[in-house]
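Right, one structure below, let's go through it.
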Amino acid sequence: MAERVYPADSPPVSGQFSDNFSSGEFPRKPATYVIQVPKDQIYHVPPPENAHRFQHLSQKKVHRSRCRCCFCSVLAAIFILIVLAGISLAVIYLFFRPEAPKYSVEGFSVSGINLLSPSPISPIFNVTVMSRNGNGKIGIYYEKGSTVDVFYEDVDLCNGALPVFYQPAKNVTVVKTVLTGSKIQLTSGIRKEMRNDLSRKSFPFKLKIRAPVKIKIGSVKTWTITVNVNCDVTVDKLAAPSRIVSGKCSHGVDLW
């Protein structure tokens, strides 16, 4: 009987496989099946060691999206309020046509300044200010807390306040106030400048007024607004009665 010889790299075969080989039949390979799944139904599941991190990142994205939505909502609300406020102000301006009051210095007398003595001075200023409210439908309340100062060069010589009063629409109001200073020591340079002004009969002073006011529009009062008035006033002498040589005022408004 002849002996079967197998290649060196072939596995040993026995039993049924030997019979199959002898009969010329080979073992069948297992069948292969191809399953096609739609792309939108393919889900990627993270491995167990990354499941916790995946969950954390998913929650973080949801939290960020909520914060982003809240932030956008707040910005939209602010923008709408600004637009509405602008429209309201435009309507008020077109209807009432507001204009700032005009100010001028009508009287300015000085006493209590002795240039011949080196002693401190205690000056007294009697100031008369005229306010013209040209608005047809707007009144002005002048509140407490106003300040009035008179300067020569950079020296604050005296201070005081305006009275509290109401100025109706289309009105001219004249306000008188007395300003005083106490024991102000003038430098030799300031005294020399004043003596030169005395020879020229021209003493330049700066009048500064800071007044809190409330505007009345119809039956509505606004919040407190600060009016700043700066006047350059030149008088002919440092004794009463003095004459105003020149005067010019400017004003500004602090809305808040």
Side-chain angles (χ1 to χ4, degrees), residues 99-133 140-167 172-214 223-256:
E99 60 181 58
K102 296 178 175 60
Y103 301 92
S104 61
V105 179
E106 302 298 321
F108 197 90
S109 63
V110 190
S111 61
I113 298 179
N114 185 2
L115 299 178
L116 302 177
S117 172
S119 302
I121 62 173
S122 296
I124 300 174
F125 288 75
N126 286 276
V127 179
T128 302
V129 179
M130 180 181 291
S131 173
R132 296 177 177 86
N133 180 13
I140 304 173
Y141 288 92
Y142 286 82
E143 305 284 324
K144 291 181 179 180
S146 63
T147 59
V148 184
D149 294 88
V150 173
F151 291 82
Y152 180 86
E153 298 292 340
D154 293 329
V155 181
D156 191 351
L157 297 177
C158 59
N159 53 72
L162 295 177
V164 177
F165 66 97
Y166 171 69
Q167 185 176 23
V172 176
T173 301
V174 177
V175 178
K176 295 182 178 182
T177 182
V178 178
L179 314 176
T180 59
S182 178
K183 297 181 180 180
I184 298 172
Q185 184 64 58
L186 300 177
T187 64
S188 58
I190 293 295
R191 288 182 182 275
K192 183 178 179 180
E193 287 289 333
M194 283 188 168
R195 285 194 291 268
N196 293 335
D197 293 337
L198 181 62
S199 63
R200 293 191 293 261
K201 294 184 178 181
S202 177
F203 291 89
F205 295 97
K206 289 185 179 295
L207 176 68
K208 293 187 177 183
I209 301 174
R210 186 174 176 84
V213 302
K214 288 185 178 180
W223 61 94
T224 301
I225 299 170
T226 302
V227 175
N228 300 300
V229 182
N230 298 311
C231 301
D232 294 320
V233 184
T234 302
V235 296
D236 61 344
K237 58 183 177 180
L238 297 179
S242 57
R243 181 176 62 88
I244 297 177
V245 177
S246 64
K248 183 180 181 181
C249 294
S250 62
H251 63 272
V253 176
D254 295 335
L255 295 177
W256 312 107

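When a residue number appears, it is its place in the shown sequence, counting from 1.
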Indicate yes or no for a side-chain donor-acceptor contact from Thr177 to the backbone of Ala161 under 3.5 Å, with no hydrogens or angles considered.
yes
Of all the heavy-atom pairs spanning [X] and [Y], show the shortest one and how long it is.
X: Asp156; Y: Ile184; result: O-CD1, 3.6 Å
X: Ser104; Y: Arg132; result: OG-NH1, 3.3 Å
X: Glu143; Y: Val164; result: C-CG2, 4.0 Å

Mutual orientation of the aromatic rings belonging to Tyr142 and Tyr103 [parallel < 30°, tilted 30-60°, perpendicular > 60°]:
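The rings of Tyr142 and Tyr103 stand perpendicular, inter-plane angle above 60°.
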Does any part of the side chain of [Y], heavy atoms only, come nearer than 4.5 Å to the side chain of [X], both counted from C-beta?
X: Leu157; Y: Phe205; value: yes
X: Val174; Y: Glu106; value: no
X: Pro204; Y: Asp197; value: yes

Would Thr128 and Asn126 satisfy side chain to side chain contact (heavy atoms under 4.5 Å, CB included), going step by step from the backbone distance to the final call?
CA-CA 7 Å; Thr128 302; Asn126 286 276; over 6 Å; no
For Lys206, check salt bridge (Lys or Arg N to Asp or Glu O under 4.0 Å) against everything at least two apart and list the hits.
Asp232
Considering residues, nucleotides and ligands other than Asn196, do more than 12 of their heavy atoms fall under 6.0 Å from its CG?
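Check passes, neighbour count above 12.
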Lys237 NZ to Ile113 CD1 distance, which is reported to the nearest 0.5 Å:
14.0 Å
